[in-house]
Each structure stands twice: as structure tokens, then as C-alpha cells.
Student: 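Attaching a single structure in C-alpha cells format; questions to follow.
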Amino acid sequence: MRVAGAFRETFGAEPQGVWHAPGRVNLIGEHTDYNDGFVLPFAVPWGVTAAVAPREDGVVRLRSLQAGGPLTVAAPGEAEGWARYAVGVFWALREAGHPVGGADLVVDGDVPQGAGLSSSAALEVVVATALNELYGLGLTPMEVALTGQRAENDFVGMPCGIMDQAASALGERGKALFLDCRSLASRSIPFDLSRHGLQLLIINTGVHHELADGQYARRRRDCENAAKRLGVDALRDVTDLAGALGRLSGDERRRTQHVVTENHRVEAVVGLLRAGAVQEIGALLNASHLSLRDQFEVSCPELDVAVEASVRGGARGARMTGGGFGGSAVALVADDRVEAVREAVVRAYAERGWAAPEIYPAGPAPGARRLA
Ligand code: GLA
């Protein structure tokens, strides 16, 4: 394994183990996780692999085969850039009172660049999974996910929800993860596309609009303000949507409309999948995209064009996936329409003078695990 070889070369010793944690794609349930709502992501076949050995002196030495290094970090506050996602996990575990020392780590990632498929959650979860085992912490996969989220929220400073880390830690081959982000109860939902002659294409726009970072926190604030005005703990609790919309205006009204309807769409998709009616989820994917574009306002031209061209090319449905403002769209496509959809998207991009997006099929892969 290349990461173990790089570990030997970097640190002149054997790693104690090699772990892998995947990125994720979200089938539906966008911007619902931090509203205590429902999500339906799955783990993708790409992620972060880490060769790790513990150290007793508390020091963390890190090398990334993509970003360089090795870096030596004696105290968490010294970490910068990508290293914060890894070092933040040591910090989060220590904050929670776990007896975690240092470690030497080499990490190797293959999540496509700019795809918005949660390479940062994969890095957090692979480090947390390795430390859980090396230091005998006895954390459940959900506790591993929560550790990654804590690192990202309070160490890196990105106020994300639990979806990405949960998908990475709990994913299963052939299954999507139906997660209640309030109770953290989860259920595996069979998502077997090939049996239905279908593929889920990931269309990687390759763009990341810089405003994304501040906008995420603003959306979250809009939702919290709306919940407060409505007197509920979270938008998840809104049952009378028409009544709620009558009491809100502007951004808060639009955000509420999206979150409440999106939760219903997740439940509807889960129902259809459990009934074996995979083809039927397309309309809900389309509705989710329109809601994210018009009510939640987190799409962008590259995502809209990818979605519209996919549908025109014959996709059953398509939507942006992840936080928005770039990253990827997903399209549910029958096997015999895949080429037509590809061509439609590439042509639509060319007409606008945009570079062709990368397009690849993905199905649910296993979650975090030890490889060696
Ligand atoms: C990002 C966050 C997730 C989630 C999505 C939107 O990926 O990390 O927690 O909020 O955006 O659904």
C-alpha cells in the first residue's frame, strides 16, 4: 500500500495500522442536518487513507501525499491549512477527556478535487477512527463522527452539521444512510441501482465560489432566527407550514419553506426506495434542486446548467448535492441514457465557454474501516 511505503520513508518505522474513511454524496436532504432534520447520504468509493503510529510525547507529525509535509505540530494551535482537520481531532478527543497522546501520520486522498464530496470529513473520520483503535477509546462509529464534527465546528471554525462525518463513519456498501439528525438514529436503506438499470452520475463542476464559506453560516443563522420567531427548537418541528410561512417574511420565510419541504422529500424518497421504486425518486430530486435554487439560494449557474442539461438529456432527476455554490450535482439516469446525458451536459458547458465537468457514476461504498 502506497501510504504505508510513504510512512516508512518519512518516519523510518512501520505504521501500526492503515485506515480508510470515505467522502460522501448526498442523495437528498440538503441543509436539513443543522435543522435537526433528515438526510440520506451515502459513502463514495473515494476518501482518505492514513498510515498511523501512536507517539507518547503528545506531538503530531503529519505528511499528506497531496499537500506535502512532514509537519511537526507540538500543540494544536500550531496547525495550519489542511492539517487543522487532522489536528482538530486530537484536540476534540482531548477536550472530551480521552487520554490521547500524539501520532505520526501519512495521509493519502483520492476524493476528486473541488467536487464537494467531503474530503475534509473523510480526513477527520479517518484520524478519529485510527486514534479510537490505537488508544482503545471504545467510541461507536457515531461518536467517531461527532468527534469529527466537533473538530470542524470548534477547531477549524466551520459550523457544519453531522451529515458528512456520519456518512463517512457509518456508510455501508449498497446502502444509503437515512439519518435523523436530532435523535441520531439511523437506518440503512438499500440503494441498488444496477438492479434497476440505473446509474447515479456525479457531475463535478470543479468550481468553488468563494462566497460559500460565509454564506453557509448565514443560512444557518437564518434558519435559527426563523425557528426562534416561530417558537420551535428547530425548523424540524414546524408541522403547519402554511401557518409558519404566514408569520415569516423575506429570507427566513424562504429558508423555512425549503427546510420543511426538504424533510418531507427525504421521507418520501426513503419510502419509495423501501418499496423498490427507485425510478420514481427522480421527481423529488428535481424538486429538491428547485427549492435549493429558489428558496434556499445556494445553487450557482454551473450547478443549474448541469441539472437542467441532465434532465434535458433524459435523466430521471437531478439536483445539486452538498453545501452548494459549486461542487457537484447528481443525476439519476437509466443505463441507456447515460451517454445522452453526458453529451447534453458537456455541450451545455461548451456553449457557455466553460470547461467540461468531470462526470462519473458512484454507488454506496463501505464506511470507515481498518485496511491493514
Ligand atoms: C455541508 C455540511 C453538511 C450539510 C451540507 C448541506 O456539506 O458540511 O453538514 O449541512 O453542507 O446539506
Side-chain angles (χ1 to χ4, degrees), residues 21-44 46-48 84-85 88 111-112 114-125 142 145-171 176-182 184 186 202 204-205 208-209 211-224 227 234-236 255 258-263 265-266 269 284-285 288-289 291-293 295-300 303 319-330:
R24 65 94 187 94
V25 69
N26 190 17
L27 195 54
I28 197 161
E30 218 66 83
H31 290 276
T32 45
D33 60 354
Y34 54 82
N35 288 300
D36 278 2
F38 303 116
V39 293
L40 190 63
F42 64 78
V44 290
W46 312 285
V48 178
R84 290 171 306 155
Y85 296 91
V111 179
L117 300 179
S118 297
S119 52
S120 48
L123 176 55
E124 292 152 9
V125 169
M142 184 55 83
L146 288 163
T147 301
Q149 187 199 14
R150 174 90 203 275
E152 187 150 344
N153 287 171
D154 299 335
F155 190 77
V156 177
M158 153 68 182
C160 65
I162 188 63
M163 171 170 73
D164 307 344
Q165 293 81 4
S168 181
L170 281 84
L177 181 77
F178 177 36
L179 178 67
D180 177 334
C181 298
R182 169 172 279 166
L184 299 183
S186 66
I202 295 180
N204 177 4
T205 68
H208 172 76
H209 293 289
L211 76 171
D213 310 327
Q215 290 293 332
Y216 187 90
R218 273 186 56 183
R219 292 298 178 281
R220 202 175 162 148
R221 230 179 11 250
D222 290 345
C223 292
E224 285 161 5
L235 291 182
R236 145 74 173 273
R255 309 309 178 232
H258 167 72
V259 172
V260 175
T261 57
E262 185 79 350
N263 277 328
R265 283 186 287 270
V266 177
V269 167
L284 292 157
L285 302 183
S288 171
H289 185 76
S291 179
L292 286 158
R293 188 189 71 185
Q295 310 297 334
F296 217 71
E297 298 176 288
V298 290
S299 190
C300 63
L303 287 167
R319 59 181 288 275
M320 54 158 279
T321 183
F325 302 108
S328 296
V330 289

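Just so it is clear, the model here is predicted, and its values are computed rather than measured. Read the numbers this way: they start at 1 and go in the same order the structure lists the ligands and their atoms.
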Student: Pull out every atom of ligand 1 sitting under 4.0 Å from any heavy atom of G161, numbered as shown with elements.
Tutor: 9 (O)
Student: With side-chain contact (heavy atoms from CB on, under 4.5 Å) as the test, pick out the partner of E124 among R150, Q149, R84, E152.
Tutor: E152
Student: Examine H31 against ligand 1 and note whether any of their N/O atoms are separated by less than 3.5 Å.
Tutor: yes
Student: Is R24 touching ligand 1 with its side chain, its backbone, both, or neither, if touching means heavy atoms under 4.0 Å apart?
Tutor: side chain
Student: State whether the side chain of N153 and the backbone N or O of C160 hold a donor-acceptor pair below 3.5 Å, judged by distance alone.
Tutor: yes
Student: Would the distance check show the side chain of T32 and the main-chain N or O of F38 forming a donor-acceptor pair, the cut-off being under 3.5 Å?
Tutor: yes
Student: Below 4.0 angstrom from a heavy atom of D33, which ligand 1 atoms are there? Numbered from 1 as shown, please.
Tutor: 3 (C), 4 (C), 9 (O), 10 (O)
Student: Of the non-hydrogen atoms in G148 and Q165, which two are nearest, and what is the gap between them?
Tutor: C-CG, 4.0 Å
Student: Considering only heavy atoms of Y216, which atoms of ligand 1 have at least one such atom less than 4.0 Å away?
Tutor: 1 (C), 2 (C), 3 (C), 4 (C), 9 (O), 10 (O), 11 (O)
Student: List ligand 1 atoms under 4.0 Å from M163, heavy atoms only on the residue side.
Tutor: 4 (C), 5 (C), 12 (O)
Student: Closer than 4.0 Å to some heavy atom of Y34 - which atoms of ligand 1 meet that?
Tutor: 10 (O)
Student: Using a strict cut-off of 4.0 Å, indicate which atoms of ligand 1 neighbour a heavy atom of C160.
Tutor: 2 (C), 8 (O), 9 (O)
Student: Could you tell me whether R221 and E224 have a side-chain N and a carboxylate O separated by less than 4.0 Å?
Tutor: no
Student: For ligand 1, find out whether one of its N or O atoms is nearer than 3.5 Å to an N or O atom of D164.
Tutor: yes
Student: Answer yes or no: does an N/O atom from N26 fall short of 3.5 Å to an N/O atom of ligand 1?
Tutor: no
Student: Using only heavy-atom distances, determine whether the side chains of R265 and S288 contain a donor-acceptor pair under 3.5 Å.
Tutor: no
Student: Between H31 and L292, is there a side-chain heavy-atom distance shorter than 4.5 Å?
Tutor: yes
